[in-house]
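Written below as structure tokens is the structure these notes are about.
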Number of protein chains: 2
Amino acid sequence: MARRSDHTRDELVAITIDAAWKIVGEDGFAAATARRVAKEIGYAPGTIYNLFGSMDDLYLLVSARTLDTLHEAIAVPDCPGGGGKPADKMKAMAKRYRDFAGEHKNHWIMLFVHNLPDGKAVPTWFGDKVERIFQPLEELLEPFFLPLDQRRRRMAARVLWGSVHGLCFLEATGKIPKVTGNMSSADLVDNLIDTFVAGLERTGI
Amino acid sequence: MARRSDHTRDELVAITIDAAWKIVGEDGFAAATARRVAKEIGYAPGTIYNLFGSMDDLYLLVSARTLDTLHEAIAVPDCPGGGGKPADKMKAMAKRYRDFAGEHKNHWIMLFVHNLPDGKAVPTWFGDKVERIFQPLEELLEPFFLPLDQRRRRMAARVLWGSVHGLCFLEATGKIPKVTGNMSSADLVDNLIDTFVAGLERTGI
DNA sequence: GTTTAAAATGAACATCGTTCAATTACAATG
DNA sequence: CATTGTAATTGAACGATGTTCATTTTAAAC
């Protein structure tokens, strides 16, 4: 039996999230079972339920870490010189997103594969973390909208992010048939951004 | 014991797909277990394995029906008069897509939630059905590209479909926080199409 | 040293996909 | 009609899953 003075409760929570994060990264979301996580931290399965209440709550915390890491990867400071067209900055941001999805594929896919059971609602603190993902792009979209037209800018950020996500997801899960030879998801995303931004410019401020 | 002369093997296959389809529609993908489907058709669980080999193979056939129904819903004949801007036609097509996703929510989500185990590859006949989904949109995109520039047109179709899908998926699964009040996924999709088409026109043929 | 409350346990329950020896059903044959 | 042989059907069994909770262990308080 693990001794109760081995770790404080908070330490144990952190250790467990670490373990689950590691298992997901190595063997995928489906491998992060209660028994597997318990074995990894050297405790019994029941302990996880003392700590989190359910596996779903643990999964939510793992996904929270994914969102934090993703946000960190995306929201690098604007290029120092300030040069470069907005579209290029967006493509660079999308590339960082794609790179993240590639490097943390299992964590990233888990964001969309894990769903709470019907009754359970996503807690607001989690929704806030999702919301935060859109902010860096919103800032890049500033030049295309009047200062007071926040609504359209927020909309554009969501449309663009949702679209980039859709393309990456279809590719990562193999749901989209390989297009004619040389056409990667990178090409698709760049094409989306170029065309969308051109549309923004044409539509006018 | 069900009598073996009750149905031919082909009939039994059809009946089983029907049953699985019905269960998914009513109670979601997770409810379509081997035992539940078996009970629904009045056979033992083992029979399903005689027919399909594995639950994954049955799920693939259910998803095939979803793709067929979706294609039918999307590919309605072009409006008779031939009037209307392409962007409007695309919005109408996207609306049919969204409506389908709404009416057959469980079937539609299953398309993306169900994944074959690591080793197993998606059969080509299934990939063809996915491929076919893009065709109606490809045709609507004809006016924007030179006849010989098939590659860019195919790319645009995939970008646009992938994006529409991404927006619908995020909304259907509740992964995107409700935006500021009055901003539905319908608005987001229409905005995407308007801006993207404007971009296509600006980029020029 | 005793008491007590919290922490940790792991067997138990109802599920799941899957396997496969045993059973049943039916057509062909004698 | 009886017999045989084969194909269809079965359901118990296996190793998993998430979850519960009575039981045991631990460490602090008295």
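Throughout, a chain's letter reflects where its sequence line sits, starting with A, and its residues are numbered from 1.
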- Message: Does R158(A) qualify as a cation-pi partner of F134(A), given the criterion of NZ or CZ under 6.0 Å from the six-membered ring centre and within 45 degrees of its axis?
- Response: yes
Report the distance from atom [atom1] of [X] to atom [atom2] of [N], rounded to the nearest whole Å.
X: K120(A); N: dG18(D); atom1: NZ; atom2: C1'; answer: 12 Å
X: I48(A); N: dG18(D); atom1: CD1; atom2: P; answer: 9 Å
X: N50(A); N: dT23(D); atom1: CG; atom2: P; answer: 17 Å
X: R36(B); N: dA14(C); atom1: CZ; atom2: C1'; answer: 16 Å
X: H7(A); N: dA8(C); atom1: NE2; atom2: C1'; answer: 14 Å
X: Y43(B); N: dT18(C); atom1: OH; atom2: P; answer: 21 Å
X: L51(B); N: dA8(D); atom1: CG; atom2: P; answer: 10 Å
X: D56(B); N: dT18(C); atom1: CG; atom2: P; answer: 6 Å

[X] side-chain proximity, nearest of [options]:
X: M55(B); options: dT9(D), dT9(C), dT18(C); value: dT18(C)
X: T47(A); options: dT19(D), dT9(C), dT9(D); value: dT9(C)
X: R35(A); options: dT19(D), dC16(C), dT9(C); value: dT19(D)

- Validation row: V37(B), Y43(B) side chains within 4.5 angstrom (heavy atoms): no
- 4.5 Å side-chain heavy-atom contact, L70(A) and R132(A): no
- Query: Closer than 4.0 Å, any side-chain N/O of Y49(B) to the OP1 or OP2 of dA8(D)?
  - Reply: no
- Task: Would you mind classifying the nucleic acid contact of Y59(A) as base, sugar-phosphate or nothing, using non-hydrogen atoms under 4.0 angstrom?
- Result: sugar-phosphate
- Message: Using a heavy-atom cut-off of 4.0 Å across all strands, would you classify T33(A) as base, sugar-phosphate, or nothing?
- Response: sugar-phosphate
- Cationic N near anionic O, under 4.0 Å, D194(B) to K91(B): yes
- Any salt bridge between K120(B) and D57(B), counting N to O under 4.0 Å? yes
- Task: Find which nucleotide of DNA chain D each of A30(A) and L12(B) is nearest to by heavy atoms, and output the residue with the more 5' nucleotide.
- Result: L12(B)
